[in-house]
Visitor: 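This is the structure, below, for whatever I ask next.
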Amino acid sequence: MTESARKLVPEAMQLLNAPDEIRIHHIYKTSFFEPARVKAILKEMEDLMTRPKVYRPPNLLIIGATDSGKTELLQKFRRMNPASARPDGDAIHVPTFYLQAPPGPFEEILLNKALLQLGIIPRSNMTSAAKIPLLVDALEKVETRVLMIDEIHQMLAGPSKKTSFMMNLIKYISNESQISLVLAGTAAARQALSTDDELIARFSERPLPAWKNDDKYKKLLACFEATLPLRFASDLHRPEVAALIYGESEQQIGGTATIIRECAARAVRSKVEAVTEDILKTWIAEKRTREVECKSIE
């Protein structure tokens, strides 16, 4: 790619002559790209916002490996439907509500976190049974239409009776408030939900599969490069460069982003101003050395 043909997003273009530390800060900022499969899921989630309220609303289960972009997808949807103040000043409007699942089947953590995010401080002696209707009422008041719970597999790790209770809890909250659930997690989440035929039947599953080193992946690399305020072209889409990145990415968008950001920051610090094969090979070799050293300690 020639320098004249290179296309950067406006923000990256404006930063080309900025100080190194500002450009590096921009490089490490989260960028979200929307391949066709992600756009389709976002469209389905948007459709949930306009569905009529029913006692058993439709739900989605997003399945993907670590670093597959699940969290970024949910955050993108939240940014698409942000909370806003009502004209009458009576309360805020929270169309989408995001929760990180607790690190186990702990309803107290889940309920307390949800209430605090809604500005409600539960009494120290309040039981879970009292917090549940309080949360349902709060979600209805702010007119939430979609409840998103990320890393749901964490919440479903534990004794079967406890995990079953947690799933019945969020199902109850969804039914009573008549809002759709969008759960995101690894394949372990599907396995846990599959133990309850009635429950799994209420979720439409949407996978975020691993990437292949094909034209779509090269297009993704080109999108990443367009966000980098580097002064020279890196041509990340070239087959030999794409193969280097793909080989260390674990076939996931998160792994790909990490490699590109680390090597782009190194390109700025070294004054090379492009992600070259040498920079990639050096970073990969150092990463593998660290991994071997860590294993030797185990």
Side-chain angles (χ1 to χ4, degrees), residues 30-35 37-38 41-42 44-45 48 58-81 83 94-118 128 131-132 135 139 144-174 177 179-196 199-200 202-211 249-258:
T30 300
S31 298
F32 184 80
F33 304 106
E34 298 178 24
R37 58 193 177 192
V38 171
I41 295 174
L42 287 171
E44 284 192 83
M45 293 170 69
L48 294 177
N59 306 305
L60 288 179
L61 175 63
I62 301 171
I63 295 293
T66 301
D67 271 349
S68 61
K70 301 183 298 295
T71 298
E72 289 79 4
L73 190 157
L74 298 185
Q75 295 289 1
K76 168 69 174 181
F77 188 68
R78 183 166 66 165
R79 291 193 298 272
M80 290 167 58
N81 300 277
V94 186
T96 60
F97 192 68
Y98 172 90
L99 281 172
Q100 176 87 14
F106 309 125
E107 76 274 10
E108 283 291 321
I109 296 177
L110 182 73
L111 293 169
N112 287 344
K113 188 173 183 180
L115 289 170
L116 288 171
Q117 285 184 205
L118 290 167
S128 293
K131 292 173 185 176
I132 294 171
L135 176 58
L139 290 171
T144 297
R145 297 304 310 273
V146 173
L147 171 59
M148 301 179 287
I149 304 181
D150 199 5
E151 306 292 353
I152 190 68
H153 54 278
Q154 295 182 159
M155 194 177 80
L156 301 179
S160 58
K161 286 185 178 180
K162 192 66 174 175
T163 58
S164 177
F165 170 78
M166 292 297 289
M167 286 310 307
N168 285 329
L169 170 63
I170 62 172
K171 180 172 66 174
Y172 176 84
I173 293 171
S174 170
S177 56
I179 60 179
S180 293
L181 294 171
V182 176
L183 309 182
T186 65
R190 181 204 302 120
Q191 294 167 4
L193 290 174
S194 296
T195 60
D196 186 329
L199 186 60
I200 193 64
R202 296 177 58 181
F203 285 86
S204 297
E205 186 176 325
R206 297 295 178 264
L208 289 176
W211 287 83
S249 70
E250 298 184 355
Q251 305 174 0
Q252 302 299 336
I253 193 171
T256 298
T258 296

Visitor: Would you say the side-chain atoms of S180 pair up with the backbone N or O of P58, donor to acceptor, closer than 3.5 Å?
Guide: yes

Visitor: Would you give the length of the straight line joining atom CD1 of I149 to atom OH of Y98, rounded to the nearest 0.5 angstrom?
Guide: 10.5 Å

Visitor: Looking at CZ of F97 and CG of L135, how far apart are the two atoms once the value is rounded to the nearest 0.5 Å?
Guide: 7.0 Å

Visitor: For the pair T144 (side chain) and V94 (backbone), establish whether a donor and an acceptor sit closer than 3.5 Å, ignoring hydrogens and angles.
Guide: yes

Visitor: How close do P95 and A83 get, counting heavy atoms only, and between which atoms?
Guide: CD-CA, 4.2 Å

Visitor: Kindly determine whether L208 and V38 satisfy side-chain contact (heavy atoms from CB on, under 4.5 Å), including the steps that lead there.
Guide: CA-CA 8 Å; L208 289 176; V38 171; 4.1 Å; yes

Visitor: Without swapping roles, check the side chain of S174 against the backbone of I179 for a donor-acceptor pair under 3.5 Å.
Guide: yes

Visitor: Would the number of heavy atoms belonging to other residues, nucleotides or ligands and lying under 6.0 Å from OH of Y172 be above 12?
Guide: no

Visitor: I'd like to check L110 versus I170 (side-chain heavy atoms, cut-off strictly below 4.5 Å). Are they in contact?
Guide: yes

Visitor: Minimum heavy-atom separation for A189 and I63, please, with both atom names.
Guide: CB-CD1, 4.3 Å

Visitor: With the side chain counted from C-beta on, respond yes when I253 and E72 share a heavy-atom pair under 4.5 Å apart, and no when they do not.
Guide: no

Visitor: Determine, stepwise, if the pair V146 / N81 fulfils side-chain contact (heavy atoms from CB on, under 4.5 Å).
Guide: CA-CA 10 Å; V146 173; N81 300 277; over 6 Å; no

Visitor: Would you name the heavy atoms of I109 and P102 that are closest together and state the gap between them?
Guide: CG2-CB, 3.7 Å

Visitor: Minimum heavy-atom separation for L42 to M80, with atom names?
Guide: CD2-SD, 4.1 Å

Visitor: If you round to the nearest 0.5 Å, how far is OG1 of T96 from CZ of R145?
Guide: 12.0 Å

Visitor: Over all heavy atoms of both residues, which pair between I41 and P207 is shortest? Give the atoms and the distance, please.
Guide: CD1-O, 4.3 Å

Visitor: Heavy-atom count around E250 CD within 6.0 Å, excluding the residue itself: above 12?
Guide: no

Visitor: What is the distance from atom CE of M45 to atom NZ of K76, rounded to the nearest 0.5 Å?
Guide: 12.0 Å

Visitor: Which residue, H153, E205, M167, K70, forms the side chain to side chain contact (heavy atoms under 4.5 Å, CB included) with L183?
Guide: M167

Visitor: Heavy-atom distance under 4.5 Å between the side chains of E107 and K131, does that happen here?
Guide: no

Visitor: To the nearest 0.5 Å, how far apart are CG in L181 and CG in L61?
Guide: 10.5 Å

Visitor: Run the side-chain contact (heavy atoms from CB on, under 4.5 Å) check on R37 and R206 step by step: do they pass?
Guide: CA-CA 9 Å; R37 58 193 177 192; R206 297 295 178 264; over 6 Å; no

Visitor: Within the distance-only criterion (no hydrogens, no angle test), does the side chain of Q252 pair as donor or acceptor with the backbone N or O of G64 below 3.5 angstrom?
Guide: no

Visitor: Please give me the minimum heavy-atom distance between K162 and P105, naming the atom from each residue.
Guide: CE-O, 2.8 Å

Visitor: Measure the spacing between CD of Q251 and CG of D67 and express it to the nearest 0.5 Å.
Guide: 12.5 Å

Visitor: Please test I62 against L74 for side-chain contact (heavy atoms from CB on, under 4.5 Å), starting from the C-alpha separation and ending with a verdict.
Guide: CA-CA 10 Å; I62 301 171; L74 298 185; 4.1 Å; yes

